[in-house]
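Below you'll find the structure, written out as structure tokens, and then a few comments.
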Amino acid sequence: MTISNTTSNSLASLLSSTLNGVNGSNGNSSSSSSLTGSPISTGPIDVNTLVRELMTVESQPLTQLQSQQSGVQAKLSAFGQVQSALSSLDTAISALKTNSAFTAAQASVTGSGVAASVTGTPAPGTYSISVSGIAQAQAAASAPLASASTVVGTGTLTIQLGTYNSGTGFTAQSGSGPVNITINSSNDTLGGIAAAINSASAGVNASVVTDNAGSRLVLTSSNTGTANEFKLTVADSDGNNTDLSGLSQLAFDPTATVGAGKNLTQTQPAADAQYSINGLPLTSSTNSITTAISGLTLNLTQAPAAGSTLQAQVTVGTDSNAVSTSVNNFIQSYNSLVKLESNLTAYNSSTNTPSTLTGDPSMFSLSSQLRSILGSQMSGVASGPSWLADVGVDFQSDGTLSLNTTKFDTALSANATGVAQLFSKATGTGSQQGFAVRLASSVESMLSPTGLLGGTQTSLQSTMSSMNKQISQMQAQLTQTQQRLITQYSKLNADMVVAQQNQVALANALAGLPA
């Protein structure tokens, strides 16, 4: 490595001061500091200090490159923050890109006996609901026994779901076969039988109810409606399957007679819900009605008094709160990006200090593109809003956006379709499309690997990689240079010691000569 003029001047100065002190040296001086891993011979020259000074000069290009690399890394980190903010904005915009974002519905109910919830996209309108009866499950109870631990009998219980008809008798439920339950000495008590029925998943729930009269087995259909009635037949170990003795005392066939197969008492008949929508009479096996009005679930919550009906009115309309929330989320995400941009590109005039991305053309282009879209007019609108300001979305003095909720709700109520088109219209090109569609396209283009932001990040990462290679090469060269300098000046040090010793010897010899 060629030593620079600056290095030569530093060396000359150090050598001059060293040689000036040679005559006063005793030849045993040494430096108190050393270079790592480099044994330095002692002598009149402080090799540690000399090499350190020389290496400081030689390292200046490396120091400058490392400083530049820190700046590139700071920019990469700053653009990473911008990428995160843009991604959040893209997510918020996505909620406004589709027309369904503006068709979110809500249902309100006046009256009694009915609750309603939106489960899809019901058509807006008002529905008059009249409830004359609610669905209920069939229930039957046994005669009271002493306790839940009372032994009933053994044999086989068979449960079949179906429908009773006074004219045709019992009709088995389509797709549901009989379920046989074995009752033996391990489960022949009232409580044991209830547990066995529940374990069989036969479409009937069993429980033991106890009062002052004793304990009863109560059976209830798992589901409401006349299609879920049940029949319980018995194969009694005592040989009689329908009497009131042994297991047969639990037999239940409503078409039979007491003591001959109808041995449980029906406490609640199965029933279908009876109701009407806008005067159209309807029935349902459940009180949760999901198919009568598409996208809307009606829940019948109260049974009317005998001979009367309950009246309710269900109104389905646009859920303006849900739409406003989506628009507000977009505005908040955009404002976060604007504030981040302001912080990263600010310039402190009082201290003449720029921020990490002050003057960066990518940031200027990014903000200009977004503001250009937001501040433009949607073209081709025959009627309805064409500016964001028409629905209460306005720019503030600091470049952020705000939402006038009252103005937005008014616009949504007056022309929900027009507001939806303002954001989500996907047909046409350029300004003919909705604002959310155009913004999403712009943001996603910026985030792509070759886009405005993605391309800038890729370029900076490439620069970082190149700098890392240069730094590694320079560090290796500097290590070699340091070792060479140590070797050279250690040898010079040793030569000067010898010269000093020869000088002393010569002086002593001359002093010993005759005058």
OH (Y347) with more than 12 external heavy atoms under 6.0 Å: yes

Step-by-step side-chain hydrogen bond (donor to acceptor under 3.5 Å, both in side chains) determination, T456 to S362: CA-CA 8 Å; T456 300; S362 297; 3.0 Å; yes

Criterion side-chain hydrogen bond (donor to acceptor under 3.5 Å, both in side chains) on S288 and N299, from CA distance to verdict: CA-CA 5 Å; S288 180; N299 291 299; 3.1 Å; yes

Evaluation steps, side-chain contact (heavy atoms from CB on, under 4.5 Å), between L247 and V234: CA-CA 7 Å; L247 194 61; V234 177; 3.8 Å; yes

L145 vs Q249, side-chain contact (heavy atoms from CB on, under 4.5 Å): CA-CA, chis, key distance, verdict: CA-CA 11 Å; L145 299 178; Q249 62 187 299; 3.9 Å; yes

Pairs where residues 250-284 contributes a residue and the test ring-ring contact (aromatic ring centres under 6.0 Å, His included) is met, not counting sequence neighbours: F230-F252

Residue pair L296 / V316, side-chain heavy-atom distance below 4.5 Å: yes

K407 with D390: basic N within carboxylate O range, under 4.0 Å: no

Validation row, ring centre Y164 to ring centre F170 under 6.0 Å: yes

Spacing of CG belonging to L388 relative to CG belonging to L401, to within rounding of 0.5 Å: 7.5 Å

Taking every non-hydrogen atom, the tightest pair across T301 and V114: OG1-N, 3.7 Å

Distance (rounded to the nearest 0.5 Å) between N287 CG and I134 CD1: 5.0 Å

Side chain proximity check, D398 to V338, heavy atoms < 4.5 angstrom: no

Backbone of S459 reached by a side-chain donor or acceptor of T463 within 3.5 Å: yes

Distance (rounded to the nearest 0.5 Å) between D90 CG and Q83 CD: 11.5 Å

Least distance between heavy atoms, M378 atom then Q432 atom: CE-O, 3.4 Å

Reported CD1-to-OG distance for the pair I93 and S326, which is rounded to 0.5 angstrom: 12.5 Å

CA sep, side-chain torsions, deciding dist, call: I159, L219, side-chain contact (heavy atoms from CB on, under 4.5 Å): CA-CA 11 Å; I159 297 176; L219 302 180; 5.7 Å; no

Side-chain (S466) to main-chain (S462) donor-acceptor, under 3.5 angstrom: no

Heavy-atom donor-acceptor pair, S77 side chain to Q73 backbone, under 3.5 Å: yes

Heavy-atom pair with the smallest gap, counting every atom of N415 and G384: ND2-CA, 3.7 Å

S221 and N228: side chain donor to acceptor below 3.5 Å: no

Which atom of L298 lies closest to which atom of A116, heavy atoms considered: CD2-CB, 4.0 Å

Heavy-atom side-chain contact between D188 and V152 under 4.5 Å: no

Side-chain donor-acceptor contact under 3.5 Å, N223 with S285: no

Close side-chain approach of L439 to V437, heavy-atom, < 4.5 Å: no

side-chain hydrogen bond (donor to acceptor under 3.5 Å, both in side chains) evaluation trace for T345 with D360: CA-CA 8 Å; T345 61; D360 188 280; over 6 Å; no

Interatomic distance, S207 atom OG to L217 atom CG [nearest 0.5 angstrom]: 7.5 Å

Least distance between heavy atoms, L264 atom then A140 atom: CB-CB, 4.0 Å

Check: A196 main-chain N/O paired with N187 side-chain donor or acceptor under 3.5 Å: no

Heavy-atom check, side chain of S112 versus side chain of L310, under 4.5 Å: yes

Student check: side-chain heavy atoms of L157 and T233 closer than 4.5 Å: no

With S248, the side-chain hydrogen bond (donor to acceptor under 3.5 Å, both in side chains) member among D243, N241, N263: D243

Side-chain ion pair, E341 and R371, N-O less than 4.0 Å: yes

Flag, side chain of S376 to backbone of I373, donor-acceptor distance under 3.5 Å: yes

Enclosure of K425 NZ (heavy-atom neighbours >12, cutoff 6.0 Å): yes

CD1-CD1 distance between I193 and I181, expressed to the nearest 0.5 angstrom: 10.0 Å

Shortest non-hydrogen contact from D319 toward Q106: OD1-OE1, 3.5 Å

Step-by-step side-chain hydrogen bond (donor to acceptor under 3.5 Å, both in side chains) determination, T309 to Q311: CA-CA 7 Å; T309 60; Q311 303 293 328; 3.1 Å; yes

Test item: V82 and L344 side chains (from C-beta on) under 4.5 Å apart, heavy atoms: yes

Beyond-backbone contact of L460 with F79, side-chain heavy atoms, under 4.5 angstrom: yes

Stepwise side-chain contact (heavy atoms from CB on, under 4.5 Å) check, K231 with D253: CA-CA 6 Å; K231 179 180 180 180; D253 180 356; 3.6 Å; yes

